[in-house]
Structures are given as structure tokens and as C-alpha cells.
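Structure, as C-alpha cells:
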2 protein chains.
Amino acid sequence: MPPDRTDTAPGAPTLSDVAARAGVSTATVSRALNAPSQVTQATRDRVMQAVRDLGYAPNFGARALAARRTNTFGAVIPTMDNAIFARGLQAFQDTLREHGVTLLVASSSYKPEQEEDQIRTLITRGAEALLLIGHDRTAAAYALLDRQHIPYLVAWAWDEGAPRPCVGFDNRAAMQALTAEVIALGHRRLALITADRAGNDRARARFEGVCAAMTAAGLDARALLVEETPYSIANGAAAFARLMDAHPRPTAVLCGNDVLAAGAVTQARALGIDVPGDVSVTGFDDIELAAILTPALTTVHVPHCEMGRRAAQMLLDMRAGAAPPPGLRLDAGIAWRASLGPPPVAGGPG
Amino acid sequence: MPPDRTDTAPGAPTLSDVAARAGVSTATVSRALNAPSQVTQATRDRVMQAVRDLGYAPNFGARALAARRTNTFGAVIPTMDNAIFARGLQAFQDTLREHGVTLLVASSSYKPEQEEDQIRTLITRGAEALLLIGHDRTAAAYALLDRQHIPYLVAWAWDEGAPRPCVGFDNRAAMQALTAEVIALGHRRLALITADRAGNDRARARFEGVCAAMTAAGLDARALLVEETPYSIANGAAAFARLMDAHPRPTAVLCGNDVLAAGAVTQARALGIDVPGDVSVTGFDDIELAAILTPALTTVHVPHCEMGRRAAQMLLDMRAGAAPPPGLRLDAGIAWRASLGPPPVAGGPG
DNA sequence: TCAGAATATGTAAGCGCTTACATCTTGCCG
DNA sequence: CGGCAAGATGTAAGCGCTTACATATTCTGA
């Protein structure tokens, strides 16, 4: 006979409430829930009925504590404000779910200390593996990850000889390729609207890509006009406005991502500047927004979904004890749309 | 002297590892972490040093189990794919954080069974209160919430005499007001692109608002062309294309939200249809996208931030034992932009 | 019919933490 | 200088669950 606790439970129902109601032990309830095949059909039915009657929901903390596993992964992304990480993360999550793993997402607002905090929070909540964006973070954050023996993977960035497992594309090479196309169209006076480069290796790599392309084409990279501002449409618009005050004006404004580019394109309209007739604009990321802007944005296409899927697979393997895999490089191509064209003849009114 | 456990801990460091290293008991470590004022400065320093040395991160589950509180709230939103809920949720989260509460977010993909699942998951993970979107959900979901004694709040919807605490705006009235303006501009042939109305009381309310405005203006609501499709830009575009095949064509296409409207506007351009010259388009929600579309979208402005803040405050009060508050009605106005104008003269080419 | 295998269920020991309570210091006052 | 309040720290009992192990119970074949 199962133990018959006093049934004056005032709080939420627990396993033993269910056990009492079903007339079995807590062990049997636990098995009925987690390993149904080990329990008689009849018993199982009784247990399930009790679960339903009581509106029982297991206590995750207690379960994790006892079972010493959580089936939970974590991801810390810089921001949820825009859609940059949305699609990749969705694919990541979907793949994890197929393997019975829940994803917890936190955001760092591009602040290193906050990222460290969020990593700690996710560990605290039982994350068995973590997805992180880019390589830049505090030594303390890496130390914490090591001390806790948490497998982690850097995504949205692939670098030659990176010392950590990573999956992504070569930000530098992709931006260099796009810039080379811009230059090939005849543009000579270039500008870049970039996110803050401090603490953001992807932004730095993209900046370097622009410089490399200029140098390779025989242009002076020091002549690149640079506006640095946090990612947002409004900031992109403001930065674009500042660039249009330069003399001579740039004929092409490269943007560190599509959100900044959206601001640039919108601001161009407000200023009565034709894109791409007067000024060309390019983005980076190829989020949904890029295609519905007017004009539609020429941008670097990032393989969001594949990256998310691969990241999930790699982390699952690592949790299972696989050796840290080598970096996985994915291709980022160019999505050609309307916002990029040749410069105005005679270099424009600048 | 504190107990000196064997220090061959292979896994992540625990409280007693920290205690051993600092030369104190686990109770003292716990206090140093949670109630620093109860511990001598010297002891506290020693503990903190040990925490740092070991890379200790507390175990949330164990803590929740012992302390019987989690300081965690949950929210189940229909989707994270688009930005509809982003701003409100951000405000909700920010307000909670000010009060030391962490937010866990889950999404239901507009599926009732999945929502029930997610509610259960959040409860399982220790949510002490829940934010839900709209009133429509399974009886089982409500039963579960009651049985678990979880305070919850319905947001993004306010209804006359709703039987549950809610905070939001009157979807029906807002859509009716916008439709009345459309009609006042001279439009007579109206169409509506709406999300699936089954299981979505907001979508139904908005539909009813359109009908009510038509009836009030002496038009036959049965003449309203309705396209029902899940929220997405692509679906909005497809629905718009179908509507443009109607004879006679509608002169105004109302959309159940801004995402559908973005699809409609984009598709109009693709079809060579001028907005608002040939056809007017309106949205609902006033997300960031609305302002940067071409033409910018006339839409219903929703007080996202205030709603999020108020929701947080109400739920915090409820957790503290306050009686369920009466529904809180916020105002939703109209954001006038370029996509709405008078119908073409002579009713257009339809 | 019965031993022994296979299956179903119960018992009870923690998982890592918090906290009521007990114990030990310290400081202060008469 | 004793005694006691106040403060600092230690002890140990669980929180709700899983799971190794022990204990029925049923089934199988000779």
C-alpha cells in the first residue's frame, strides 16, 4: 500500500498527491510519467487520470535535481529587438525540440558584463550547453564556462583558426566580396554605417572586409567614411543623414546590417535622395525586411536556417561527449536587389 | 569548523564546495549570497573569493525547491516570428526586472493545444504568474491555471465584462473607428485580410468592428470581402493578390495587422497598383515596420509599452496577494500615414 | 505443481539549496 | 568583571523528484 499522506495540500499538487489519489507509490507515478512502458496499462491509466484530476504539473527544479539532467540548452544573443537572429534561432530551437531539448534565450544588449550575467543565469537554470554569438567576450565568461564544464558553440562567425568551436560564415570575406562588387560598379567614394566595433568581432570583421576590398582595388581605405552607431532603424537614418552632409558625398553607403540599411533607405526618401540613382545602399544579413524595403535591399545573404540547424546538431553532439568539432564554415552570398547601382555620372553633385 | 567534504567534485561546483574552500558552513555561504548584511565583511569577502575561484553558479532548481519561490513569471505569446508582441513584451520584462523577477517566454504558434502545453511548461519551470494573450483558450488550460493557483492576466485584449483580469484595448471598437474613417473618405467596397478567427478573439473582434462600422454607415456587412490567412508578409501579399482579382475591386483593403498589410503594400507595388491612389490599405498594431513601408501605413496605434508596464504591475500585485483587478482599458488611436486616401474618382477601373 | 525468470511495484536515499533553531562570540553595561 | 543581548555562524530538516535496490506478483516450462 502506498503511504497515505494527509491530503490537506494547500499549494499546487505534487507527485505524492497524485500517488495518493491513484493508490500507488510516488515511484510508480514517476515511472508512469517518464517510462510508461515499465508500468501496467491499468496502473498507468489510473495515474494519468489522477494527474488530470489534480491538474498536476511536475516541478522542473526537483526533477532536474533528482535526475541530474535538464534537457535544456541556452542561447545568449545580443538583442531581440530586431529580426537579425530570429530566423537562425528559430531553426536552432526547432532542431533542439526534435531531440527533446528546450531552449532558453537571453539577450545581452551588446554589453559584455550583461552577457556574462546571462551566461551565469542560463547555467543556473540548468543549461547543459550554450549557443553564443561571436567570439568577443570577457575572460571571466570563458572561465565560467570552463569551470562549469558547459559545452558551448560560437555562432554567426567563422574565423580562420578560431580557438573555439564555431559555426558561421566569414564576415570579413563576405563584406569584402560585396564591397568589391560595389567598387566594380564604379563607386569610389564609399561610406560605412557600422555598429559599435568594440566588443563586436562581427562588426570589426565587416569593417575590415570593406577596407580590404578598397585596398585590393587600389583605393585608400583611410578615405572610408565611417559612422558608428548602435543597431536601430532610427540610428541608421541619423547616420545616413550625417553622411549626406559630407563633401564630396559618398556615392555608396555600405551598412553593417539590414536594420541600419533600412534606416538609411528611409532617410534617403525623406531627404529626397534617390536610391540607387543618387546613392547606393547595401545591407548585411538578408532579413525579411530587406526584400520589402523600397527600393529592395542588395545585401549579404546569410544562411540563417542552416546555421541554426547545424549549431543545434553540433551542440547536441558535444553534450553527448563528442570532441569539440572544428569550426564549420558556411557560405554567405550576395542577394542582388534594387538598392545598388552604378554611381551617378560624373560622380554626382557632390 | 565546517564539514570538510572530499574535494574530488567532478561536476560543477556546489554550495558546499564553496563552503569548504571558504572555511565556513553552507548556511553561511547561502547567507553571504542572499542576505549579505547578515554576514561579517571578512567572511563575506572570503566566500565571494571562493565563489570566483570556483566559478560557482547556484542551482536554480535546488534554490527554488528550498526557498519555495522562483521570482519567475511566464508569458505565452502566439508567435515570435514577427514584431507584434515584441515591444509590449519588452516593457513587460523591463518592469518585471525592476522588481527582481525574471521572465520566461514561450510561443504557441496560435495553436490552442500548444498553448496549453506551454502553460504547463512554464508552470513546471516555476512561473509564479502568467501573461497570456487574448481570452480564447481551452477549458483545460484554464482548469490547470486554477488548480495550480497561478495568477494570470489576459493582455492585448479588453472586453466589456470579461470574466478574467485583463489589460488591453478594445479591438472591436478600434477597428470600428478606423473603418468608420475609411468609409467617411468615401470608400464603399471594402475588403478585410484577417488572421484565422477560430481561436483568436482579437481577430474576431477586429472583424466584428469592420462589420459594425459598415452597418452603422448603412452598408451591407455581408458584402465585405474577407480573406483569412495566417499572419505573414507572404500570406498578406497572396491575399491581396486574390482580392485584386475580384470584380468590382475593393477600393480599400483593411488588414488585421501590420504584417499582413506589409504584404499587401508590397504586392500592390508588384502588381503596379498605386497605394493609396488605386487602393487604400490599412494595418493594425503600429509596429516599427508600419512607418518605414512605402507608402507608410495608416494603422491602429496600440499602446504597447504602457500595456506591458501595466500588465507587469498588475501581475506583481496579484502575486503579492491582491484581489484580481478589474479589466484595464487602454486607448488605441489611429496613426495617420500615407496608405489611406480617398477612393479613385468614379470608383476606379473595377 | 513448483522453481526460477520476468515483470511490476514499493522503499528510501539523496540531488543542492534555504532557513528555523541551536550554538558560539562579542561587546557592553552595571 | 559577570551576565546578557545582539550578532555571527553552524546544524540539520526538508523542498519534490528520480532511481538503485528490495520486494511482491505473474508467467513459463518441465
Side-chain angles (χ1 to χ4, degrees), chain A residues 1-6 9-47 50-51 54 56-71 123-126 128 148, chain B residues 1-6 9-47 50-51 54 56-71 123-126 128 148:
Chain A
M1 275 281 98
D4 227 44
R5 323 184 121 217
T6 57
T14 71
L15 237 215
S16 57
D17 294 331
V18 175
R21 185 170 239 267
V24 297
S25 73
T26 58
T28 298
V29 176
S30 177
R31 281 188 287 253
L33 259 26
N34 303 314
S37 70
Q38 290 181 25
V39 165
T40 320
Q41 177 71 50
T43 310
R44 203 188 314 159
D45 291 347
R46 216 142 26 94
V47 169
V51 165
L54 261 36
Y56 169 75
N59 177 314
F60 172 80
R63 183 196 294 242
L65 205 53
R68 319 163 117 263
R69 81 188 125 57
T70 60
N71 287 318
I123 291 175
T124 278
R125 286 191 177 258
E128 294 168 343
Q148 293 275 343
Chain B
M1 276 282 99
D4 228 42
R5 322 183 123 217
T6 58
T14 72
L15 236 214
S16 55
D17 295 330
V18 175
R21 185 171 239 267
V24 297
S25 72
T26 59
T28 299
V29 176
S30 176
R31 281 188 287 252
L33 260 26
N34 303 315
S37 71
Q38 290 180 25
V39 165
T40 320
Q41 177 71 48
T43 311
R44 202 188 313 159
D45 290 347
R46 220 146 17 100
V47 169
V51 165
L54 261 34
Y56 170 75
N59 178 314
F60 172 80
R63 182 194 292 239
L65 204 52
R68 311 154 132 270
R69 80 189 125 58
T70 60
N71 287 318
I123 292 174
T124 276
R125 288 193 174 255
E128 294 169 343
Q148 293 275 343

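Letters A, B, ... are given to chains in the order of the sequence lines, protein chains preceding strands, and every chain is numbered from 1.
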For nucleotides 17-24 of chain C, just jot down a letter per nucleotide in 5' to 3' order: B, S or -, based on protein non-hydrogen atoms under 4.0 Å. BBBB----
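In this structure, CG of B:Leu54 is placed 15 Å from C1' of C:dG16, rounded to the nearest angstrom. Distance CD (A:Gln38) to C1' (C:dG10): 14 Å, rounded to an integer number of Å. The distance between atom CZ of B:Arg68 and atom P of D:dA13, rounded to the nearest whole Å, is 17 Å.
Distances were taken from every side-chain heavy atom of B:Val24 (C-beta onward) to each of D:dG10, C:dG16, D:dT9; the shortest belongs to D:dG10. Closest contact between the side chain of A:Thr40 and the listed nucleotides C:dA8, D:dT9, C:dC15 involves C:dA8. Ranking C:dT9, D:dG10, D:dT9 by closeness to the A:Thr43 side chain, first place goes to C:dT9.
In this structure, B:Leu15 and B:Thr26 approach most closely via the heavy-atom pair CD1-O, 3.7 Å.
Side-chain contact check for A:Gln148 versus B:Pro13: some heavy-atom pair is nearer than 4.5 Å. B:Val39 has its side chain out of reach of B:Val47: every pair of non-hydrogen atoms, C-beta onward, lies at least 4.5 Å apart. A:Val51 has its side chain within reach of A:Leu33: a pair of non-hydrogen atoms, C-beta onward, lies under 4.5 Å apart.
Under the side-chain hydrogen bond (donor to acceptor under 3.5 Å, both in side chains) test applied with B:Thr70, the options B:Arg63, B:Glu128, B:Arg125 reduce to a single match, B:Glu128.
Using a distance-only test at 3.5 Å, with no hydrogens or angles considered, a donor-acceptor pair links the side chain of A:Thr14 to the main chain of A:Ser16.
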